[in-house]
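See below for the structure under consideration.
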Amino acid sequence: MKIALRSAVAAAVATLAAAVPAHAEDNVLNLYSARHYQTDQMLYDQFTKQTGIKINRIEADDNALLERLRTEGRNSPADVILMVDAARLWRAQAEGLFQAVRSKVLDERIPQNLRGGDEGQGAQWYGFSTRARMIVYNKVNVKKDDVLTYESLADPKNKGKVCTRSGSHPYMLSLIGALIERNGEQATEKWAQGMVSNFARPPRGGDTDQINGVATGECGVALVNSYYYARMLRSTRAEDRDAINKVGFVWPNQDTSGTHINVAGGAVARNAPHREAAVKFLEYLTTDEAQAYFANGNNEWPAVATTVVKNPALQGLGKFKAENVPVTAIGKNQIAAQKILDRAGYK
Ligand code: FE
């Protein structure tokens, strides 16, 4: 009797000990974010107001976040991870840093083609905003009709005109992953060879550097993510105004496959200590209000189709036909994309 009581008490205490911290910690969410936009603070404040869950935010760029998650391993306090580009999200998934999430809200709000690694048990990651990979060209040196598609950039008629950032950058790897999905590996390898022989200069710099290169005429045509172009379009700096006036843009592949689309997205961390709060946060990101903040922070489009966009820079760019290659396919083609780049000498 005495022993039974003691063990009952011990069990109760153990239950209590387990329950108390777990309960207290339920009001916290550890967010690892590669985003750093002013509008994000409003996003987090609103979530805390609605749910009572406080957000501890750790901000770093995508590579630093990945490195940190690898180092922390099973002891990582990360609950939610926000990153940009399907190539990076896929890499994190492939390294086992995420866990599958099953959520009616997420499945209803986020279109299937913007969900990563969705194989029955739920998705490994979700796109919450979209960006497009556009073509910019020098209005004096290049005819728009010569650069209407991604494929056209590899055509001999554009010899000595093409600029891009490094082929191994996630933005390029994702585009190539999409090209593989549409055109196959052989045709994409030919495309990569054509690009290399058309370079105006070896790949270097970021997307903004490509816009500036096109403006000075060093490059005739370049590939850039839409938000870099939108940001420059909104800029009041004299040198940006000057540059953007010399540059025209194309929504690529409007008569064929549509413009390549990528995502900024998020996932629940593999060992999330606050899994429930993490899922709640991802669900919150699909609300109309959160979608507007999330997308506007970086001049992107909301992933949830019904969200109203009130961003003058984006509206100024007009509507376009988007590619419908699923982000999962882009992810699965990453290794083939890198091999093609290596063989083509696309640095
Ligand atoms: Fe970027």
Side-chain angles (χ1 to χ4, degrees), residues 33-38 40 59-67 82-91 129-138 142 147 150 153 161-179 192 195-196 198-252 259-265 295 297-301 313-314 317 330 334 337-338 341 346-347:
S33 174
R35 293 167 54 90
H36 38 263
Y37 310 116
Q38 275 179 346
D40 283 7
E59 283 184 356
D61 69 26
D62 297 83
N63 284 331
L65 282 187
L66 280 178
E67 203 42 56
L82 298 179
M83 296 183 118
V84 299
D85 201 282
R88 287 201 185 99
L89 286 154
W90 175 83
R91 172 166 288 273
S129 61
T130 62
R131 62 270 300 278
R133 198 123 181 95
M134 39 194 322
I135 290 171
V136 293
Y137 64 95
N138 184 292
V142 169
V147 293
Y150 300 112
L153 302 190
K161 291 182 183 162
V162 175
C163 287
T164 71
R165 70 193 308 158
S166 165
S168 298
H169 189 277
Y171 302 166
M172 291 304 300
L173 283 170
S174 284
L175 170 65
I176 294 163
L179 287 172
M195 290 290 278
V196 170
N198 283 352
F199 282 155
R201 64 181 187 200
R204 66 157 192 260
D207 285 5
T208 303
D209 299 310
Q210 313 312 318
I211 301 176
N212 284 321
V214 168
T216 63
E218 186 186 3
C219 313
V221 61
L223 288 166
V224 299
N225 274 359
S226 46
Y227 54 88
Y228 293 103
Y229 184 79
R231 189 189 299 159
M232 210 179 243
L233 212 55
R234 283 175 104 167
S235 171
T236 51
R237 288 171 61 207
E239 56 266 48
D240 290 343
R241 307 292 335 142
D242 203 40
I244 211 77
N245 285 333
K246 297 194 170 86
V247 173
F249 81 90
V250 166
W251 292 123
T259 298
H260 172 60
I261 290 295
N262 209 313
V263 295
N298 189 32
N299 295 312
E300 292 177 78
W301 292 276
L314 289 184
L317 297 180
I330 291 173
Q334 288 303 293
Q338 186 61 60
L341 288 167
Y346 195 142
K347 294 267 162 53

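- Atom OG1 in T164 sits 13.0 Å away from atom NZ in K347 (nearest 0.5 Å).
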For a side chain to side chain contact (heavy atoms under 4.5 Å, CB included) check, start with the C-alpha distance between V247 and N138, then their side-chain angles and the critical distance, and finish with the verdict. CA-CA 5 Å; V247 173; N138 184 292; over 6 Å; no
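- The distance from atom CD of Q210 to atom CD1 of I135, rounded to the nearest 0.5 Å, is 13.5 Å.
- Judged by distance alone, with hydrogens and angles left aside, the side-chain atoms of W301 form no donor-acceptor pair with the main-chain N or O of L314 at under 3.5 Å.
- In this structure, M172 CE and L179 CG are separated by 8.5 Å, a value rounded to the nearest 0.5 Å.
- Remark: side-chain polar atoms of R241 are paired, donor with acceptor, to backbone N or O of S235 under 3.5 angstrom.
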Determine whether D209 and R165 satisfy the following criterion, salt bridge (Lys or Arg N to Asp or Glu O under 4.0 Å), listing intermediate values before the conclusion. CA-CA 8 Å; D209 299 310; R165 70 193 308 158; over 6 Å; no
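- A donor-acceptor contact shorter than 3.5 Å links the side chain of D85 to the backbone of A87.
- In this structure a side-chain-to-backbone donor-acceptor pair under 3.5 Å is missing from R91 to A86.
- S166 contributes no side-chain N or O that, together with a main-chain N or O of P203, makes up a donor-acceptor pair within less than 3.5 Å.
- A donor-acceptor pair is defined here as one N or O able to donate and one able to accept, closer than 3.5 Å; no such pair exists between the side chain of E218 and the backbone of V214.
- Atom CD1 in I176 sits 8.0 Å away from atom OG in S168 (nearest 0.5 Å).
- Aromatic ring pairs are classed by plane angle as parallel below 30°, tilted from 30° to 60° and perpendicular above 60°; the pair Y227 and Y171 is perpendicular.
- Residue D240 holds its CG atom at 10.5 Å from CG of N245, rounded to the nearest 0.5 Å.
- A donor-acceptor contact shorter than 3.5 Å is absent between the side chain of D40 and the backbone of G297.
- Side-chain N or O atoms of D61 include one that pairs as donor or acceptor with a backbone N or O of A64 at under 3.5 Å.
- Closest non-hydrogen pair, T130 versus V263, comes out as CG2-CG1, 4.3 Å.
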Would D207 and R133 count as a salt bridge (Lys or Arg N to Asp or Glu O under 4.0 Å) if you check the C-alpha gap in whole Å, the side-chain angles of each, and the deciding distance to 0.1 Å? CA-CA 10 Å; D207 285 5; R133 198 123 181 95; 2.8 Å; yes
